[in-house]
4 protein chains.
Amino acid sequence: MPQQEPVDQWIQELINMGDEKMTEKQLKIVQAAVEVFAEKGYASSSTSEIAQKAGVAEGTIFRHYKTKKDLLISIVSPMMSKLLAPFVLNDFKEVLEGEFPTLEGFLYAVAVNRLHFARKHLKIIKILLQEIPFQPVLQEEFKQHIARRVIGRFTEIIEHFKAKGEVIDMPTPVLLQFAISAMIGLFITHFIILPDQPWDEEQEIRHTVNLILHGMSAPQL
Amino acid sequence: MPQQEPVDQWIQELINMGDEKMTEKQLKIVQAAVEVFAEKGYASSSTSEIAQKAGVAEGTIFRHYKTKKDLLISIVSPMMSKLLAPFVLNDFKEVLEGEFPTLEGFLYAVAVNRLHFARKHLKIIKILLQEIPFQPVLQEEFKQHIARRVIGRFTEIIEHFKAKGEVIDMPTPVLLQFAISAMIGLFITHFIILPDQPWDEEQEIRHTVNLILHGMSAPQL
Amino acid sequence: MPQQEPVDQWIQELINMGDEKMTEKQLKIVQAAVEVFAEKGYASSSTSEIAQKAGVAEGTIFRHYKTKKDLLISIVSPMMSKLLAPFVLNDFKEVLEGEFPTLEGFLYAVAVNRLHFARKHLKIIKILLQEIPFQPVLQEEFKQHIARRVIGRFTEIIEHFKAKGEVIDMPTPVLLQFAISAMIGLFITHFIILPDQPWDEEQEIRHTVNLILHGMSAPQL
Amino acid sequence: MPQQEPVDQWIQELINMGDEKMTEKQLKIVQAAVEVFAEKGYASSSTSEIAQKAGVAEGTIFRHYKTKKDLLISIVSPMMSKLLAPFVLNDFKEVLEGEFPTLEGFLYAVAVNRLHFARKHLKIIKILLQEIPFQPVLQEEFKQHIARRVIGRFTEIIEHFKAKGEVIDMPTPVLLQFAISAMIGLFITHFIILPDQPWDEEQEIRHTVNLILHGMSAPQL
DNA sequence: TATGAATGAGCGTTCATTCAT
DNA sequence: CATGAATGAACGCTCATTCAT
């Protein structure tokens with residue numbers, strides 16, 4: 001039986017970091033912007049529509065955010081950290097070893113947690129995915145601050161299990177990319193491509209985790 | 001030794017369908033549009049920049065394409081068919097059974113072929129991925145005409161191998177999504193996220209195919 | 001040896017008129033406004049920049065001055081009186097006759113005094129010159145209240161010296177305009193066009209006064 | 001009897017330089033812009049008002065001029081050269097010596113010519129004077145290309161007459177500034193300060209020239 | 001067929017001014 | 001008295017689209 005709570009606990013603190021104080025109007029602006037950006041894409045959204053949906057004057061947006069791009073970045077940039085935060089936790093490895101005797105339990109717990117999180121912030125994540133190719137600021141954050149640390153962390157884990165003989169002897173980057181692709185594919189399929197189609201989330205996560213593990217498992221001698 | 005040629009052959013005819021006659025100017029417009037759309041995104045591209053890059057007058061674009069969106073669709077829509085064409089071939093199953101005795105050989109051949117194709121048309125595919133969420137026309141094409149047939153075809157294949165006892169007994173959609181995600185993840189990682197990082201394409205494809213197959217393989221009794 | 005002090009004395013009282021009591025914040029607002037107006041021009045200055053430079057809230061400006069134009073006028077309008085004040089003094093003619101036996105001494109004393117004054121209030125004078133063409137209020141003040149009285153006063157003086165046979169027989173307005181232009185030209189050249197170039201002020205004033213006097217002097221019979 | 005025609009002749013060629021071909025709409029835009037800029041000042045003029053007055057769409061302005069400032073500069077910058085052009089003519093000195101035996105005749109001819117020119121282009125000159133303090137481009141043109149050459153030319157002339165003993169021994173810059181101020185004062189008084197007041201132009205120019213010459217003339221031994 | 005000048009709606013942004021605190 | 005968030009009209013400018021040539 002996979003345990004989910006501990007993962008949730010270590011994550012909670014990081015998630016809450018940066019939930020800065022906002023005035024009521026600012027909050028409405030952000031919510032409206034998320035709505036409109038997600039629906040039409042950043043470039044096709046107009047500040048006047050955002051203002052209207054937020055119930056504020058257009059000028060009010062620019063009191064809080066210097067430019068339209070500023071508004072985008074301030075919405076999307078913190079999401080990147082939050083999304084990948086748990087993997088960067090300092091005591092990640094200890095928690096891993098202490099709480100999760102099996103790789104399966106760990107993967108399942110993380111998957112469930114991140115999918116909950118992703119569903120909750122679906123629109124912002126959509127915007128993030130859309131805009132990364134066009135916003136150098138986001139690319140920089142992704143590459144410099146996040147990607148390297150997350151990949152480093154994952155590499156440690158995979159090599160830990162490789163050493164234990166539980167994972168097949170293949171280049172770590174390939175394994176990493178395989179596992180991550182399968183998980184993200186699950187997310188994109190159900191949240192973005194087929195958002196209206198019901199699915200048995202728990203079962204599908206478990207299946208996918210099993211396929212990943214099975215794929216990566218060392219051949220039995 | 002995987003065989004690649006036969007796959008290439010059945011694909012060729014489909015690829016060539018729709019390569020309509022274009023005037024030289026029209027061709028230049030399309031090339032310029034692809035360049036600009038891929039770099040800045042459709043919504044942030046201006047027809048004047050496209051015209052300039054193509055070396056034609058702005059009016060010329062609108063002589064060939066009623067609107068800017070028309071230009072986009074006319075570029076991107078045929079790519080969807082071409083990208084997924086081989087999987088929809090009428091004689092797909094026969095070829096599969098005739099030419100490829102093993103699932104591995106088949107998957108490898110298809111992967112190599114589609115990756116070649118994708119690299120060649122990288123920019124258009126980027127545009128396609130970017131614009132599907134915002135262009136109902138593209139979504140419709142994707143859902144109605146393509147997705148269903150491709151998924152149907154894949155379902156047949158997977159169930160074919162399930163029946164032969166080579167694939168694990170899991171819901172077919174999960175298996176499908178798993179395999180596709182792993183392959184697309186490979187593509188996105190190397191062509192979009194890390195386009196400048198060199199990679200051993202042949203080896204990584206083979207590894208990924210193996211991970212997929214291994215993950216999906218029925219447990220040995 | 002020209003005497004300067006008496007001129008300074010009659011002027012002093014007028015200068016001080018209108019230096020109304022201001023709160024500290026109001027003073028800072030005015031100073032900031034002068035700075036910004038002089039640098040960018042009235043129309044291109046923003047109240048927010050003035051507020052920032054003054055270290056007050058934007059609203060504070062509008063507590064003291066009903067509109068931005070109000071602020072401009074309240075800065076610039078008193079300067080016009082002060083600038084031309086000495087020429088309007090009631091006892092001007094007496095002082096002239098009592099203190100300055102020669103026209104040269106008088107002109108020199110006035111020139112020195114007004115140039116001192118102008119240097120001290122350079123920025124406000126710049127703003128005044130810039131805005132007179134666009135502010136009917138200022139034009140009115142200039143024409144109705146100032147120009148006529150100053151010109152009347154100068155006319156008296158010139159005709160006084162004409163009567164004494166010291167000044168050439170030419171239409172008084174032409175003489176007036178000639179003398180004033182030469183003096184203002186000196187001011188504009190050194191304070192506005194070439195503010196950074198050092199100059200021997202005393203000598204140049206004396207030269208210019210001499211050129212004016214020489215030009216206007218009645219031909220020796 | 002002063003001669004005016006020769007001066008007009010050498011000037012003509014320079015004046016006409018740069019009267020580039022303009023479409024009819026472009027001409028209307030420039031005319032409207034001159035009107036509006038002169039009336040309200042550059043910063044307080046709106047492109048929409050200019051467009052309206054010109055009878056074109058607002059966008060049309062920006063097809064011909066990249067920015068509003070571009071429009072300003074393209075109007076005002078050529079005027080500076082034209083205004084000062086005659087003084088920079090290569091054969092200026094020869095013409096001076098050949099055509100004008102007396103300094104008086106020369107000064108009068110130039111004054112009349114430049115005043116005609118100024119009256120014809122009054123509004124643009126107003127705009128030029130207003131905007132020089134705020135447009136570095138114009139300042140640069142004024143300082144680098146025009147001021148130095150014009151001043152050099154004038155310095156030559158004054159020193160020419162100094163050498164002939166006709167002009168008083170005073171620092172040349174002071175003499176220069178005196179003469180120019182008196183002439184510009186005449187211009188500003190009648191064209192800008194009192195544009196509606198009738199004046200005997202020929203007589204006033206002659207008076208002013210006489211005052212200048214008289215002021216600068218070497219004392220008779 | 002190809003052009004490119006012209007359009008005008010709409011954009012992101014600024015700013016003087018107001019007013020509840 | 002001072003604040004600064006909020007306003008919304010107006011701004012300079014862009015752009016897809018049209019059409020006379």
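Within every chain, numbering begins at 1; the chains are lettered A, B, ... in the order of the sequence lines, protein sequences first and strands thereafter. Source: prediction; values computed, not measured. Any value given below was found using the heavy atoms of this structure, including those in side chains, with hydrogens, waters and symmetry copies removed.
When distances run from any side-chain atom of B:Val56 to the nucleotides F:dC13, E:dA5, E:dT3, the shortest one goes to E:dT3. Side-chain proximity of B:Ala57 to E:dT7, F:dC13, E:dG4: nearest is E:dG4. When each of E:dG8, E:dA6, E:dA2 is scored by its nearest atom to the side-chain atoms of B:Lys25, the top-ranked nucleotide is E:dA2. The side chain of C:Phe62 lies closest to E:dA16 when the candidates are F:dC13, E:dG4, E:dA16.
Following rounding to the nearest Å, B:Ile61 (CD1) and E:dT1 (P) show an atom-to-atom distance of 16 Å. Across the protein-nucleic acid pair, A:Ile50 atom CD1 and E:dT13 atom C1' stand 14 Å apart, rounded to whole Å. Counting to the nearest Å, the P atom of E:dA6 and the CD atom of D:Gln26 are 9 Å from each other. Between the CG atom of B:Leu72 and the P atom of F:dC15 there is a distance of 17 Å, rounded to whole Å. Nucleotide E:dG10 holds its C1' atom 13 Å from the CD atom of A:Glu49, rounded to whole Å. If you measure from atom NZ of D:Lys40 to atom P of F:dG12, you get 11 Å, rounded to the nearest angstrom. For D:Glu58 and E:dA6, the CD to P distance is 15 Å, given to the nearest whole Å. To the nearest angstrom, C1' of F:dA10 lies 13 Å from NZ of C:Lys68.
Both cation-pi conditions hold for C:Lys68 and C:Tyr42: the charged atom is under 6.0 angstrom from the six-membered ring centre and inside a 45 degree cone around its axis. B:Phe37 does not carry B:Lys126 over the face of its six-membered ring by the limits of under 6.0 Å from the centre and within 45° of the normal.
Using a 4.0 Å heavy-atom criterion, one finds that B:Thr23 contacts no nucleic acid atom at all. Note on A:Ser45: only backbone sugar-phosphate atoms sit closer than 4.0 angstrom, heavy atoms only; bases stay farther off.
Figure legend. E:dA20 is base-paired to F:dT3; pairs are counted as Watson-Crick or G-U wobble with both atom distances under 3.5 Å. Judged by Watson-Crick or G-U wobble contacts below 3.5 Å, the nucleotide E:dC15 has F:dG8 as its partner.
At least one side-chain nitrogen or oxygen of C:Thr60 sits closer than 4.0 Å to the OP1 or OP2 atom of F:dT3. Not one side-chain nitrogen or oxygen of C:Thr47 sits closer than 4.0 Å to the OP1 or OP2 atom of E:dC15. Checking the phosphate oxygens (OP1, OP2) of F:dT14, no side-chain nitrogen or oxygen of B:Ser46 falls inside 4.0 Å. At the phosphate of F:dA5, OP1 or OP2 sits under 4.0 Å from a side-chain N or O atom of A:Arg63. One finds no side-chain N or O of C:His64 lying less than 4.0 angstrom from the OP1 or OP2 phosphate oxygen of F:dC1.
Projected onto DNA chain E by closest heavy-atom contact, A:Ala43 and D:Gly55 fall at different nucleotides, the more 5' of which corresponds to D:Gly55. Place D:Lys66 and D:Ser48 on DNA chain F by their nearest nucleotides, and D:Ser48 ends up nearer the 5' end. Mapping C:Gly59 and D:Tyr42 onto DNA chain F by nearest heavy atom places C:Gly59 closer to the 5' end of the strand.
Under a 4.0 Å N-O distance rule, the pair B:Glu35/B:Lys123 qualifies as a salt bridge.
Within the 4.5 Å cutoff, the side chain of A:Ile50 has no heavy atoms near those of the A:Val56 side chain. The closest side-chain heavy-atom distance from D:Leu128 to D:Ile132 is below 4.5 Å.
The closest side-chain donor-acceptor pair between D:Ser48 and D:Glu58, if any, does not fall under 3.5 angstrom.
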